[in-house]
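As structure tokens, the structure follows; a few thoughts come after it.
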Amino acid sequence: MLHQFIERAVQQAVAKVLPDADMSSVLVRPCPDPKFGDYQTNALMSLAKERKLNPCQLAADVLTQLNVSEWCEKVEIAGAGFLNFRLKVSALEQTLAAVARGGHLFFEKAAEPRTIVIDFSSPNVAKPMHVGHIRSTVLGDCLARTLRLLGHRVVTDNHIGDWGTQFGKLLLGWKGQLDRAALAADPIGEMERLYKSTNAACETDADLLERARQELVKLQNGDAENLVIWREMIELSQHQFDTLYGRLGVEFDFTLGESFYNPRLKQVVAELRERGIARESEGAICVFSDGSLPPKEDPFLKQQDGQWTPNPCLIQKSDGAANYATTDLATLAYRFETWQPAEIVYVTDGRQQLHFRQLFAIFRRWHPDAKVKLSHVWFGSILGENNTPFKTRSGETVKLAELLDEAESRALAIVSEKNPNLSETERREIARVIGLGAIKYADLSPNRQSDYVFSWDKMLSFAGNTAPYLQYAYARIRSIFRKAGAGMSPAAEIRLIATEEITLAKKLLHFGLVLEAVTEDYRPNYLCNYLYELAGVFTGFYEACPVLKAADAERASRLALCDLTSRVLQQGLALLGIETVEQM
RNA sequence: GCGCCGGUAGCUCAAUUGGAUAGAGCUUCUGACUUCGGAUCAGAUGGUUGCAGGUUCGAGUCCUGCCCGGCGCACCA
């Protein structure tokens, strides 16, 4: 893309003037205001600062070494030492024409593909998937899709909760009060009922609690009967997962649950003890600070009463059982050894930050030579009214299946009102796409680190930065092609004359830059913002530039612009996991 | 108490290595329709970026202190 050509040219020019400069900081970015130009670099000012040079003089020196006349008008030095670039319309036209002929859609594949493991979603067996799983699922899926499009090798792994203390109570309930008919009709509901009822009974009955514990011990020791029941619970749960992931369009390469790592846990603890990374404390096995980090950055220290005190990570409970840190360590080691990734990404809510800081720190000590990058991509909570956690009226967690149902039924009501002429089958399909898109977009468009307030009315609105608005923008473009019929020549020459055409063309060019930003910071909201802005710029073009009524050459050129815009919208939404429809 | 995160227009949010005059939507008000889909668009109103300092050519962004809110901090995950 053009900005990369300019960037490389600038880097080469800087290298001639300042051979020792760090080129990774010499970047070319879109201008914040078109009056300055189309692209700018502000890197020369910081380079000048480091070297105590006059920034404008440095800019002038770089300029003498710079030749971007193939793509740009005269380069300007402005402000405190910006270089401003203005694209030649001819370069724009050629770039768009090349994409229209079948090039990559305004992005470039990564020069050095990386292998990246992404851990996301992670629902629990025998429990309904609920609203708490949506953000991890949607974020992780979007990151996987975007990284893949850019040419990276992505391994998605669903670390389901198929092991743990809850199975004691579940097994006890299953054996005592399982309703087979209810299980057949609604397996998750029945398992949830068994757990809740047994759990409640255990609150007041110590004998029952002990029996639940015994069931858990039997399971952990490989008791045949309990294993059979446990496997059935997993299988029933997997059906639920498959159904919901099917609706959401999410796929995993692997589903290696917690239980997969059971055979490795003892070894993990033993190894960490042998190496002196972990030791016994109050009956548990713990990892303490090794003093290698400054106290402020050390996840195994906290300040209490003005003193740095231990903040250990437990890797084995005093009863000898492993806990989630143990499993996560075994999982991390397995992923590292199995896929040899450049990076492992965990998509979870922000409350687990300390856990992952400790987990990563332990792994670094355990495998000091491992080059793998470890990332915790965390997100904020979904809130209901009054900034309280999002719950149903009766205070229950909102089930994911019901959430999706409601999204679709609300969308159906809107579609039926707006476009009653469509058949019910068509309206249902449109409602499905709009309803699911609205939910996903509501999760992806805010900064992932902030909490957001769940609002049906906002997410399903056709105005503002919402999925329906973008889907509408797409449908409206497709409508032009339906009217145009088959008379569209795909490899049309593109001629940009009106300012709205040029603005749209320049916006299309930014797509790849945005995708890179998304994968660098793991922030899909950059893509959402971009698509919304693109839709806005397109509307400006749509209002000002008639397409079908234009004369032949202009018509073909504008049709090509429409086609490129619709493709970027569709591709962008697809990366967010959101479908489009031809009519809505 | 300590840590992490947040505090930006009346409301909900954005702001791409520190970069130029902090931007959208909603709301309110004013306009545009014999419409390539008005499910739209144009314009107006609206700001001491929580407070006070500091760093520098330049700070919503970095540093220090304080105020307010959410979350976390040894055997749940």
Side-chain angles (χ1 to χ4, degrees), chain A residues 24-27 29-33 35-36 40 42-43 45-46 48-49 55 78-82 122 124 161 164-166 258 281-286 296 299 301-306 308-319 321 323-325 327-328 348-355 357 378 380-381 383 387 414-415 417-419 445-447 449-453 455 457-458 461-466 468-469 472 475-477 479-480 482-484 510 513-514 516-517 520-521 523 525-526 528-530 532-533 536 539-540 542-543 545-550 558 562 583-584:
Chain A
S24 66
S25 70
V26 180
L27 301 176
R29 291 284 172 255
C31 285
D33 188 325
K35 80 177 180 193
F36 298 122
Q40 64 171 232
N42 56 47
M45 289 181 281
S46 44
K49 190 182 211 167
F82 293 93
S122 308
N124 291 312
T165 49
Q166 74 271 24
E258 293 170 354
S281 167
E282 297 174 27
I285 309 298
C286 307
K296 269 194 98 162
L301 289 179
K302 63 178 170 183
Q303 205 162 59
Q304 207 157 32
D305 305 325
W308 290 106
T309 55
N311 186 33
C313 176
L314 270 70
I315 61 166
Q316 184 177 294
K317 301 194 282 184
S318 53
D319 65 2
N323 65 1
Y324 74 121
T327 313
D328 276 358
T348 84
D349 76 271
R351 289 174 297 193
Q352 299 186 47
Q353 284 176 84
L354 178 62
H355 168 66
R357 283 181 62 214
W378 60 269
S381 310
L383 304 176
N387 289 357
I414 296 170
V415 172
E417 185 201 325
K418 304 273 191 193
N419 211 340
S445 60
N447 181 337
Q449 294 187 334
S450 52
D451 298 343
Y452 80 92
V453 177
S455 163
D457 290 340
K458 272 185 190 146
S461 167
F462 285 80
N465 189 3
T466 64
Y469 175 84
Y472 171 66
R476 203 160 58 159
I477 299 175
S479 168
I480 295 175
R482 271 197 304 283
K483 284 228 162 65
H510 292 173
L513 201 59
V514 171
E516 283 166 28
E520 269 167 39
D521 295 342
R523 288 186 43 184
N525 66 307
Y526 293 150
C528 297
N529 290 347
Y530 168 78
Y532 179 60
E533 286 168 10
T539 306
Y542 181 86
E543 298 277 327
C545 303
V547 178
L548 296 178
K549 288 175 189 161
R558 287 179 174 172
C562 288
Q583 295 182 66
M584 57 192 277

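Naming: A, B, ... by sequence-line order, numbering from 1 per chain.
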May I have the distance from Gln303(A) (atom CD) to rG1(B) (atom P), rounded to whole angstrom?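 It is 12 Å, rounded to the nearest whole Å.
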Could you give the CD-to-C1' distance, from Glu533(A) to rC13(B), as a whole number of Å?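 Rounded to the whole Å, the gap is 13 Å.
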Closer to the 5' end of RNA chain B via nearest nucleotide, is it Lys418(A) or Pro446(A)?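 So the residue in question is Pro446(A).
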Find which nucleotide of RNA chain B each of Gln353(A) and Lys483(A) is nearest to by heavy atoms, and output the residue with the more 5' nucleotide.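 Taking each residue's closest nucleotide, the earlier one in sequence belongs to Gln353(A).
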If you restrict it to nitrogen or oxygen atoms, what contacts under 3.5 Å exist between nucleotides 57-63 of chain B and the protein, and what is each distance?
from	atom 1	to	atom 2	distance (Å)
rG58(B)	O6	Lys49(A)	NZ	3.0

Grab the N/O contacts between the protein and nucleotides 64-67 of chain B below 3.5 Å, and write none if there aren't any.
none

Could you tell me which nucleotide pairs with [N] by Watson-Crick or G-U wobble geometry, both distances under 3.5 Å, or answer none if nothing does?
N	result
rA22(B)	none
rU61(B)	none
rG43(B)	rC29(B)
rC4(B)	rG70(B)
rU16(B)	none
rC36(B)	none

What are the atom names and distances for every N/O pair under 3.5 Å that joins the protein to nucleotides 24-31 of chain B?
from	atom 1	to	atom 2	distance (Å)
rA24(B)	O2'	Tyr532(A)	OH	3.4

Give the minimum heavy-atom separation between [X] and [Y], together with the two atoms involved.
X	Y	answer
Ala43(A)	Leu27(A)	CB-N, 4.2 Å
Pro55(A)	Ala48(A)	CA-CB, 3.6 Å
Asn529(A)	Asn465(A)	OD1-ND2, 3.7 Å

Quick one: label Cys528(A) by what it contacts on the DNA or RNA (base, sugar-phosphate, nothing), any heavy atom closer than 4.0 Å.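 Counting heavy atoms under 4.0 Å across all strands, no contact is made by Cys528(A).
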Using the side-chain hydrogen bond (donor to acceptor under 3.5 Å, both in side chains) criterion, which residues pair with Tyr530(A)? Sequence neighbours excluded.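 Applying side-chain hydrogen bond (donor to acceptor under 3.5 Å, both in side chains) to Tyr530(A) gives none.
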When rounded to the nearest Å, what value does the distance between P atoms of rG43(B) and rC26(B) take?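 Comparing P positions in rG43(B) and rC26(B) gives a spacing of 14 Å.
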Could you tell me how far rU30(B) sits from rC68(B) if I compare only their P atoms? Round to whole Å.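 Roughly 43 Å separates the two P atoms.
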Under 4.0 Å protein heavy-atom contacts per nucleotide of nucleotides 68-77 of chain B, with B for base, S for backbone only and - for none: --SS-SBBSB
Within the pair Arg29(A) and rG18(B), is there a side-chain N or O less than 4.0 Å away from OP1 or OP2?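 Answer no for this pair, as no side-chain N or O of Arg29(A) is under 4.0 Å from OP1 or OP2.
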Counting only side-chain N and O atoms of Ser450(A), is one of them less than 4.0 Å from OP1 or OP2 of rA14(B)?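 For rA14(B), OP1 or OP2 has a side-chain N or O of Ser450(A) closer than 4.0 Å.
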Given rA15(B), rU17(B), rA39(B), the nucleotide with the shortest approach to the side chain of Asn42(A):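 For the Asn42(A) side chain, the nearest candidate turns out to be rU17(B).
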I want to verify a distance call: between rU17(B), rC36(B), rU40(B), whose nearest atom is closest to the Ser25(A) side chain?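 For Ser25(A), the side-chain atoms sit closest to rU17(B).
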Could you list the protein-to-nucleotides 41-43 of chain B atom pairs, N/O on both sides, closer than 3.5 Å?
from	atom 1	to	atom 2	distance (Å)
rC41(B)	OP1	Tyr469(A)	OH	2.8

Would Phe82(A) pass as stacked on rA20(B), i.e. its ring centre under 5.5 Å from the base's six-membered ring centre and planes under 30° apart?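 Yes.
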